[in-house]
Amino acid sequence: RWLLLLLLASLTTVTKAKVFSRCEMSHLLLEEGLDGYRGYSPPSVKLCMAFYESTFNTAAQSIKADGSTDYGIFQISSQLWGTADRSPSDNCCRTACRDLLSNNITDDIVCAKRIVRNPQGMDAWEGWVTHCKGRGLSEWVEGCDL
């Protein structure tokens, strides 16, 4: 019985997820140097992408048809970018995928910057291509006092 209680207690502390508000996220992305990163400016570019990838939820996970999983606020793929227990990976971001699920998104941002440096750039994210690319995005930062 103690083992079960210990297991339940550990599960509640493993992932401290956060769902950011649009303005919280915009300020955080600005503070972390993503405005203008690799020519993608303003912060609304990344806001739009993050919203359509995870609705700003740090604990978001999506299992893909190929068996890989996308993790965290930017839905970073276990296939190329991080290490997951269930799938082989190139681990180009040198991170454990489970670390992308916490409310501290510094490692997510570091990995997203790494992804954007690739030739595909922001086009690596389906949410960006489908919902954000080529559109006016100023409404994403309206009222956020940037």
Side-chain angles (χ1 to χ4, degrees), residues 7-146:
L7 178 63
L8 289 173
S10 69
L11 288 175
T12 60
T13 58
V14 168
T15 302
K16 291 188 177 187
K18 177 175 175 83
V19 178
F20 287 91
S21 73
R22 179 178 52 84
C23 288
E24 279 180 309
M25 194 69 195
S26 66
H27 284 279
L28 185 58
L29 295 177
L30 194 61
E31 289 168 13
E32 293 290 335
L34 283 177
D35 184 26
Y37 188 77
R38 293 286 180 167
Y40 294 101
S41 186
S44 56
V45 166
K46 283 66 136 203
L47 274 175
C48 181
M49 179 272 288
F51 177 80
Y52 284 105
E53 292 294 329
S54 69
T55 61
F56 306 137
N57 182 351
T58 63
Q61 293 184 59
S62 301
I63 298 173
K64 300 298 181 185
D66 65 4
S68 67
T69 302
D70 291 349
Y71 291 86
I73 205 134
F74 300 122
Q75 290 294 278
I76 294 169
S77 173
S78 64
Q79 188 175 40
L80 292 172
W81 305 107
T83 300
D85 297 333
R86 294 183 309 271
S87 60
S89 169
D90 292 340
N91 196 10
C92 295
C93 285
R94 309 273 186 255
T95 192
C97 292
R98 69 181 169 277
D99 293 343
L100 301 172
L101 300 174
S102 73
N103 64 1
N104 179 346
I105 66 166
T106 302
D107 48 1
D108 304 60
I109 291 171
V110 168
C111 188
K113 285 180 174 180
R114 169 71 183 88
I115 294 168
V116 171
R117 285 195 307 264
N118 277 347
Q120 217 178 352
M122 291 290 293
D123 288 352
W125 285 278
E126 186 178 321
W128 159 257
V129 173
T130 305
H131 301 285
C132 310
K133 186 176 181 177
R135 293 187 165 90
L137 302 174
S138 60
E139 73 273 3
W140 286 97
V141 293
E142 272 181 24
C144 292
D145 201 27
L146 295 179

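None of these values were measured; they are calculated from a predicted model. Computed over heavy atoms, backbone and side chain alike; hydrogens, waters and symmetry mates excluded.
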Colleague: Applying side-chain hydrogen bond (donor to acceptor under 3.5 Å, both in side chains), name anything that partners D66, two or more places apart in sequence or on another chain.
Modeller: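 If we apply the side-chain hydrogen bond (donor to acceptor under 3.5 Å, both in side chains) test to D66, skipping adjacent residues, the hits are S68, Q79.
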
Colleague: Supply the atom-to-atom distance W128 CH2 to Q120 CD, rounded to the nearest 0.5 angstrom.
Modeller: 13.0 Å

Colleague: Taking all atoms of both residues into account, what is the closest heavy-atom pair of L101 and A60, and its distance?
Modeller: CD2-O, 3.6 Å

Colleague: Give, for atom OG1 of T69 and atom CG of L100, the distance between the pair rounded to the nearest 0.5 Å.
Modeller: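 So the gap between those two atoms works out to 11.5 Å.
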
Colleague: What residue pairs, at least two apart or across chains, pass salt bridge (Lys or Arg N to Asp or Glu O under 4.0 Å) with a residue in residues 18-28?
Modeller: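 Listed by first then second residue: K18-E24.
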
Colleague: Please evaluate residues L47 and L29 with respect to the criterion side-chain contact (heavy atoms from CB on, under 4.5 Å), reporting the C-alpha separation (whole Å), side-chain torsions for both, the decisive distance (0.1 Å), and the verdict.
Modeller: CA-CA 8 Å; L47 274 175; L29 295 177; 4.2 Å; yes

Colleague: On a heavy-atom basis, which atom in T58 and which in I105 lie closest, and how many Å separate them?
Modeller: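 Looks like CG2-CG2, 3.6 Å.
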
Colleague: Got a sec, which residues hit ring-ring contact (aromatic ring centres under 6.0 Å, His included) with F56, two or more places apart in sequence or on another chain?
Modeller: F51

Colleague: What is the distance from atom OG of S26 to atom CZ of F20, rounded to the nearest 0.5 Å?
Modeller: 11.0 Å

Colleague: Mind checking what makes side chain to side chain contact (heavy atoms under 4.5 Å, CB included) contact with C111, not counting sequence neighbours?
Modeller: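 For C111 the side chain to side chain contact (heavy atoms under 4.5 Å, CB included) partners, ignoring immediate neighbours, are I76, W81, C93, I115.
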
Colleague: For residues 112-146, which residue pairs qualify under disulfide (SG to SG under 2.5 Å), counting only residues two or more places apart or in two chains?
Modeller: C23-C144, C48-C132

Colleague: Considering only residues two or more places apart or on different chains, which pairs with a residue in residues 133-146 satisfy salt bridge (Lys or Arg N to Asp or Glu O under 4.0 Å)?
Modeller: D123-K133

Colleague: Using side-chain heavy atoms (C-beta onward) and a distance below 4.5 Å, is N57 in contact with I73?
Modeller: no

Colleague: What is the distance from atom NZ of K46 to atom CG of L28, rounded to the nearest 0.5 Å?
Modeller: 13.0 Å

Colleague: Would you sort out whether F74 and I109 count as a side-chain contact (heavy atoms from CB on, under 4.5 Å), showing the intermediate values?
Modeller: CA-CA 8 Å; F74 300 122; I109 291 171; 3.9 Å; yes

Colleague: List the atom of E53, the atom of E126, and the distance in Å for their closest heavy-atom pair.
Modeller: OE2-N, 3.5 Å

Colleague: So how far is it from D108 CG to Q75 CD, rounded to the nearest 0.5 Å?
Modeller: 10.0 Å

Colleague: Excluding sequence neighbours, so at least two apart, what forms side-chain hydrogen bond (donor to acceptor under 3.5 Å, both in side chains) with N104?
Modeller: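 side-chain hydrogen bond (donor to acceptor under 3.5 Å, both in side chains) check on N104 returns T106.
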
Colleague: Can you list everything that forms a side-chain hydrogen bond (donor to acceptor under 3.5 Å, both in side chains) with T55? Sequence neighbours excluded, please.
Modeller: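 Once residues adjacent in sequence are excluded, T55 has no partner under the side-chain hydrogen bond (donor to acceptor under 3.5 Å, both in side chains) criterion.
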
Colleague: Would you name the heavy atoms of Y71 and S78 that are closest together and state the gap between them?
Modeller: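 Result for this residue pair: CE1-CB, 3.8 Å.
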
Colleague: Could you work out, with salt bridge (charged side-chain N to carboxylate O under 4.0 Å, His left out) as the rule, every residue matching D70, not counting sequence neighbours?
Modeller: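 For D70 the salt bridge (charged side-chain N to carboxylate O under 4.0 Å, His left out) partners, ignoring immediate neighbours, are K64.
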
